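Chain naming here is simple, since letters A, B, ... match the order of the sequence lines and numbering starts at 1 in each. Because the structure is a prediction, the values reported are computed rather than measured.
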Amino acid sequence: MPTRNVVSWNAMIDGFVKSGNLVSARKLFDEMPERNNISVTSLIDGYAKAGDMASARVLFEQSAGKDVFSWSAMITGYVQNGRPGEALKIFLEMLEKNINPDEVIMVGLMSACSQLGSLTLAKWVDSYIAKSSMDVKRAHVLAALIDMNAKCGNMERAVVLFESMPNRDLISYCSMMQGYSIHGLGVKVVELFSWMLNEGIVPDDVAFTVVLTSCSHAGLVKEGNRYFGMMKNEYSIAPSPDHYACMVDLLGRAGRLEEAYELIKSMPMEPHAGAWGALLGACRLNCDMELGEMVAKKLFEMEPQNGGNYVLLSNIYAAADRWADVSKFEWKQQLANELEASSGFSQEQQRIANREELVKEKVENRDFE
DNA sequence: GTAGGGTTAG
């Protein structure tokens, strides 16, 4: 029974993909006597999850009779690898092939749209879904719609969608809170967070990241501290290095540099560059040259290729009227930029970024009707 | 036996 055979091969391929063993997945794929769309989609997804969109693309182009699943794997692959322009492009290609998108594809497209921040596209996608026969009440679809509208600057629409939900879950709350956060409405974020708790929804590490960064940006020190404690004590979530970085940022912005520094030193793990970077930003904000120099020195060692650190230190010197030091570090920053530009990885990143910009521009000028 | 929503800097 050849059909049955394909099914078992596919199950094995998917097993390898899910466990991250792409080499074995590929080996099976090459060796199997007969392949179908499912084999291809599994492997495309594997490459996409591993960040290798080039291989995914080759496989996709080679496959005959592409279906919604293979298109979907490509679209979400680009989205998850931060290449929304490519996701959009391939979506448009799919429409030209007269393949109808389903909910999963639209969720991917909305995520791409959020990343692009294009209100034009957001409006088109929103009405496209409304006109379609898709189930708009599905949690995935709604959360994506809320996220897209909030990130593309249509908060009113995001609010309407959110309030129309009969059962809000953790993700839709996070989308909404993040939306308020982006728009500088930290007080609303805190309010929503407590509503969420009142509804009996249990926050996770991401939810705390959202509320903590929001408190930090809005200067809500007391609340931030409270949530940080709540996360550890009431929900038994061990703070990640990123949570610590949020708290360093929160304290630092509020001018409490000493406490911020103490917090870094008290971390149970080695602080990452993000935490030190938050402290350096705070040193700049509070014109603390002594601590700033120390932190900057550490960061120059940890990530010499990051030009931003040189900028921050030279800003600190500028504020202190130490112009000789300023020019010294501006020169160093230039060096760091050149270093970054000369590495192949960054060139690739730059190439992608330029391409994304181009696609975005085209989208803005396109008539979505 | 295949694809899906939320987080992190200055």
Side-chain angles (χ1 to χ4, degrees), chain A residues 3-15 17-18 32 35-46 48-49 56 60 63 66-77 79-80 101-112 114 138-148 150-151 168-179 181-182 196 203-214 216-217 240-249 252-253 272-285 296 299 306-313 315-316:
Chain A
T3 342
R4 201 192 181 98
N5 204 17
V6 184
V7 172
S8 8
W9 282 88
N10 283 344
M12 286 192 286
I13 288 181
D14 189 51
V17 163
K18 293 280 187 318
M32 65 197 290
R35 286 172 278 268
N36 60 15
N37 275 336
I38 298 182
S39 349
V40 176
T41 303
S42 291
L43 201 52
I44 287 179
D45 188 49
K49 296 269 186 327
F60 179 74
S63 73
K66 305 171 178 72
D67 60 9
V68 214
F69 287 91
S70 30
W71 285 96
S72 179
M74 286 303 292
I75 292 168
T76 57
V79 168
Q80 286 163 355
D102 64 1
E103 286 165 23
V104 180
I105 288 187
M106 291 316 281
V107 166
L109 183 66
M110 285 189 272
S111 198
S114 302
R138 293 278 294 275
H140 278 72
V141 179
L142 268 176
L145 268 171
I146 292 168
D147 178 72
M148 177 181 74
K151 289 202 177 121
R168 297 165 199 145
D169 63 3
L170 177 62
I171 310 276
S172 47
Y173 262 106
C174 282
S175 295
M176 203 58 222
M177 289 192 292
Q178 181 61 15
S181 183
I182 291 168
M196 185 178 82
D204 65 356
D205 54 335
V206 175
F208 277 108
T209 303
V210 171
V211 75
L212 286 177
T213 52
S214 184
S216 163
H217 291 156
S240 69
D242 294 330
H243 289 122
Y244 277 103
C246 283
M247 290 306 290
V248 169
D249 196 53
R253 272 180 214 268
H272 61 343
W276 288 115
L279 188 59
L280 183 58
C283 290
R284 194 211 59 136
L285 203 66
L299 279 166
N306 185 348
N309 297 323
Y310 302 100
V311 175
L312 282 174
L313 185 60
N315 285 344
I316 294 175

Among [options], the nucleotide that comes nearest once only the side chain of [X] is considered:
X         : options                 : answer
Val107(A) : dG4(B), dA9(B), dG6(B)  : dG4(B)
Asn309(A) : dG4(B), dG10(B), dT8(B) : dG10(B)
Gln80(A)  : dT2(B), dG4(B), dG10(B) : dG4(B)
Lys151(A) : dG6(B), dG4(B), dT2(B)  : dG6(B)
Arg253(A) : dT7(B), dA9(B), dT2(B)  : dA9(B)
Asp169(A) : dG5(B), dG10(B), dG6(B) : dG5(B)
Ala207(A) : dG5(B), dT2(B), dG6(B)  : dG6(B)
Asp67(A)  : dG5(B), dA3(B), dT2(B)  : dT2(B)
Arg138(A) : dG5(B), dA9(B), dG4(B)  : dG4(B)
Asp204(A) : dA9(B), dG6(B), dG5(B)  : dG6(B)

Inset, instruction - Identify, with sequence neighbours excluded, every residue that meets ring pair (Phe, Tyr, Trp, His ring centres under 6.0 Å) alongside Phe60(A). - result: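 With neighbours one apart ignored, the set is Trp71(A).
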
Legend entry - Thr213(A) side-chain N/O to Thr209(A) backbone N/O, donor-acceptor pair under 3.5 Å: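 Indeed, once roles are kept as given, a pair shorter than 3.5 Å links the two residues.
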
Legend entry - Short side-chain to backbone donor-acceptor contact, Thr41(A) and Asn37(A), under 3.5 Å: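 At least one qualifying donor-acceptor pair exists.
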
Between [atom2] of [N] and [atom1] of [X], the distance in whole Å:
X         : N      : atom1 : atom2 : value
Asp14(A)  : dT2(B) : CG    : C1'   : 7 Å
Asp102(A) : dT2(B) : CG    : P     : 15 Å
Arg35(A)  : dT2(B) : CZ    : P     : 19 Å
Phe60(A)  : dA3(B) : CZ    : C1'   : 12 Å
Ile105(A) : dA3(B) : CD1   : P     : 13 Å
Met148(A) : dG6(B) : CE    : C1'   : 15 Å
Ile146(A) : dT7(B) : CD1   : C1'   : 16 Å
Ile38(A)  : dT2(B) : CD1   : C1'   : 5 Å

Looking for any heavy atom pair under 4.0 Å, which part of the strands does [X] touch: base, sugar-phosphate only, or nothing?
X         : result
Asp242(A) : base
His272(A) : nothing
Asn36(A)  : base
Gly108(A) : nothing
Ala282(A) : nothing
Leu170(A) : base

Legend entry - Identified side-chain contact (heavy atoms from CB on, under 4.5 Å) partner of Ser63(A) from the options Ile44(A), Val40(A), Asn36(A):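 Checked Ile44(A), Val40(A), Asn36(A) against Ser63(A); only one passes side-chain contact (heavy atoms from CB on, under 4.5 Å): Val40(A).
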
Inset, instruction - Tell whether Thr41(A) reaches the base of dT2(B) with its side chain through a donor-acceptor pair below 3.5 angstrom. - result: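 In this structure, the two groups form a donor-acceptor pair.
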
With a 4.0 Å cutoff (strictly under), does any side-chain N or O of [X] reach OP1 or OP2 of [N]?
X         : N      : answer
Lys49(A)  : dT2(B) : no
Ser111(A) : dG6(B) : yes
His217(A) : dT7(B) : no
Gln178(A) : dT8(B) : yes

Inset, instruction - Return the set of residues passing side chain to side chain donor-acceptor pair (under 3.5 Å) with His140(A) (not counting sequence neighbours), or none when no residue passes. - result: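 Side chain to side chain donor-acceptor pair (under 3.5 Å) check on His140(A) returns nothing, list empty.
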
Inset, instruction - Could you verify whether a donor N or O on one side chain and an acceptor N or O on the other, from Ser42(A) and Asp45(A), lie under 3.5 Å apart? - result: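 No, because no side-chain N or O of Ser42(A) sits under 3.5 Å from a partner of the opposite role on Asp45(A).
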
Inset, instruction - Evaluate the side-chain contact (heavy atoms from CB on, under 4.5 Å) criterion for residues Leu299(A) and Leu280(A): first the C-alpha distance (whole Å), next the side-chain angles of each, then the deciding distance (0.1 Å), finally the verdict. - result: CA-CA 9 Å; Leu299(A) 279 166; Leu280(A) 183 58; 3.7 Å; yes

